[in-house]
Amino acid sequence: MADPGWPGCAKGLKGVLLDLCGVLYDSGEGDGVAIPGSVEALKKLKTSDLKLRFCTNESQAARETFVAKLQRLAFDVSVSEVFSPAPAAVAALKDRRLRPHLLVCDGLLPEFDSVDKTNPNCVVIGDAAEKFSYQNLNEAFRVLLELEKPVLFALGQGKYYKEIDGLKLDVGVYMKALEYACDVKAEVFGKPSPVFFQSALSDMGLQPHEVLMIGDDLVNDVGGAQRCGIKGVQVRTGKYRPSDERHPTVMADGTVDNLAQAVDMILNHRH
Amino acid sequence: MAGRRALKAVLIDLSGTLHIEDSAVPGAQDALNRLRQASVAVKFVTNTTKESKRNLLERLHGLDFNVQEKEIFTSLNAARSLLEQKQHRPLLLVEDSALEDFTGIDTSEPNAVVVGLAPDHFSYQTLNKAFRMILDGAPLIAIHKARYYKRKDGLALGPGPFVTGLEYAADCKSTVVGKPEETFFTQALSDMGCSPDEAVMIGDDARDDVGGAQNAGMLGILVRTGKYRKGDEHKIRPPPHLTCDSFPDAVEHILKNLL
């Protein structure tokens, strides 16, 4: 059977994966702001027969916190629908008996409450934002240098994201800095790691070809999904830049103005 | 070795080669004086991100080295040359102590980013500012890309990790101006009226001093002082022209064999 492509593929879809920041809302002071049309679009998706999960690389706040923020912005989202890097990293830490030195925002710390952090034997780096000082990065660097086999976990590998007042450096930049300094390769949790997408798929009980990912990050959302056999559509909101449409290695299955347009196209093709 | 070259210039590294912190390498002052009596030009070349020429000169004079300011060429000076040549107005992420080497450079409405080692300036906010400029097309200039350096309280991150992070963020490649870049060595030789095959470099860093110089067409002499570790001479290809115990031995070799 010929691949129907986007938006023809909407007919056979059984589920949708949504990125949060840059698709539902733009972050910034306070709760940030909802992207116009996204609250309505999410409602429409939720009342359709499509399964829905949220795949976010949010690593500044614990799930409870950012889900509450989304609810205040009038989005219908619950914690159980959200896949984020920190819980995935916590599972790996426990599995491998690793004790992390954490370079993350204070808001994310509750996710690591159940993890032994004494006498660290690995470093976990998240989007620490203002906490990415020279001093803090140096501390993480020294922990890694003292380890016989340095282990670095990164909660995502994004280059930058958009806040209301402009683009901001993301965790990937500092991950690269530590990789270079210590000659290590980080293990990435969250998008674009295939394991991360797989965990959302198996939670929905769906196959890759039955699912569509919608995000604003061409490489991590769209490219990451595509590597798992999931179609990826990019929205022209959030961190989108026109040059994304001429990217040398990743080509989205479709590019739409915003989530509202994506949802309308999907639902129209199903009727 | 191929036929003798008519040696015209000797480039000499500072820290680790002439002195280790605040002590001169034994015999180095006399050796430098002997070299000066021969008919070769001498220049002192170093990768520094925080010390101005004046700072370096003061330390060398304090250790009784016969050195003049115009004979010093640093990675900061190389950055300045590049800025002047391209007429860039830089955002300077360098320590305040290095700023005097950029006196007179227009830094208003910056359109280039220069990254040295500036722990005080490597805040999230400043790096964001630098990142946004680079994304808008400003070139990224790295004084050098060292991974880390030694501080009194232990090892600390060098400029390299931050340059690498910015390269990743903005999908760009930095222009590195310090050792071991070929342009650094050719710039150092440019006012001495000689070509790389008429020059020799003496240093304690196999990769940055010796490898870099030889890659630029010069001879390289590795000294077993400073940061030298056993086996360093095997880490570069081609191997050093000569590996010897310390700077005075290097000078003896030059006087006996290269002139």
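The sequence lines fix the lettering, A, B, ..., with proteins before strands; numbering per chain opens at 1. Side chains are part of it too, since the values below use all heavy atoms of this structure and drop only hydrogens, waters and symmetry mates.
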With a 4.5 angstrom heavy-atom cut-off, which part of Phe141(A) approaches chain B: side chain, backbone, both or neither? side chain

A side-chain contact here means heavy atoms from C-beta on lying under 4.5 Å apart; do Lys168(A) and Arg132(B) qualify? yes

Measure distances from Gln157(A) to the heavy atoms of chain B and classify the residue's part below 4.5 Å as side chain, backbone, both or neither. both

Evaluate the ring planes of Tyr134(A) and Phe162(B), with Trp represented by its six-membered ring, and classify them as parallel (under 30°), tilted (30 to 60°) or perpendicular (over 60°). parallel

Crowding at NZ, Lys50(B) (>12 non-hydrogen neighbours, <6.0 Å): no

Return the minimal non-hydrogen interatomic distance between Val173(A) and Gly165(B), and the atom names on each side. CG1-O, 3.3 Å

Derivation and outcome, side-chain contact (heavy atoms from CB on, under 4.5 Å), residues Glu167(B) and Lys176(A): CA-CA 9 Å; Glu167(B) 288 179 337; Lys176(A) 287 286 172 189; over 6 Å; no

What is the distance from atom CG of Leu169(A) to atom CG of Leu127(B), rounded to the nearest 0.5 Å? 6.5 Å

When you look at OH of Tyr228(B), are more than 12 heavy atoms from neighbouring residues, nucleotides or ligands closer to it than 6.0 Å? yes

Residues, nucleotides or ligands: over 12 heavy atoms within 6.0 Å of Glu139(A) CD: yes

Determine yes or no for a side-chain-to-main-chain donor-acceptor pair under 3.5 angstrom, with Asn138(A) supplying the side chain and Ala156(B) the backbone. no

Would you mind telling me which of Ser133(A), Gly166(A), Cys182(A) has the largest number of heavy-atom pairs within less than 4.5 Å of chain B? Gly166(A)

If you count heavy atoms of other groups shown closer than 6.0 angstrom to CD of Glu109(B), is the number above 12? no

Does a sphere of radius 6.0 Å around NZ in Lys86(B) hold more than 12 heavy atoms from other residues, nucleotides or ligands, not counting ones at 6.0 Å or beyond? no

Using every non-hydrogen atom in the two residues, find where Ala181(A) and Pro161(B) come nearest and quote the distance to one decimal. CB-CG, 3.6 Å

Under the 3.5 angstrom rule, does the side chain of Lys159(A) hit a backbone N or O of Tyr168(B) as a donor-acceptor pair? yes

Take a 6.0 Å sphere around NZ of Lys162(A) and say whether it holds more than 12 heavy atoms from other residues, nucleotides or ligands. no

Please assess Phe122(B) against Leu137(A) for the test side-chain contact (heavy atoms from CB on, under 4.5 Å), listing each intermediate value before the final yes or no. CA-CA 10 Å; Phe122(B) 285 159; Leu137(A) 205 64; over 6 Å; no

Are there over 12 heavy-atom neighbours, none belonging to Gln85(B), within less than 6.0 Å of that residue's CD? yes

When rounded to the nearest 0.5 angstrom, what distance separates CG in Leu178(A) from CG in Leu157(B)? 7.0 Å

Nearest 0.5 Å please: distance from the CZ atom of Arg241(A) over to the CG atom of Leu135(B). 3.5 Å

Can you tell me how far apart CG (Leu155(B)) and CD (Glu146(A)) are? Round to the nearest 0.5 Å. 9.0 Å

Looking at side-chain heavy atoms only, is the closest gap between Tyr180(A) and Lys145(B) below 4.5 Å? yes

If we ignore hydrogens and angles and just use 3.5 Å, is the side chain of Tyr124(B) paired with the main-chain N or O of Ala128(A) as donor and acceptor? no

Would you call Asp153(B) and Arg142(A) a side-chain contact if the rule is heavy atoms closer than 4.5 Å? yes

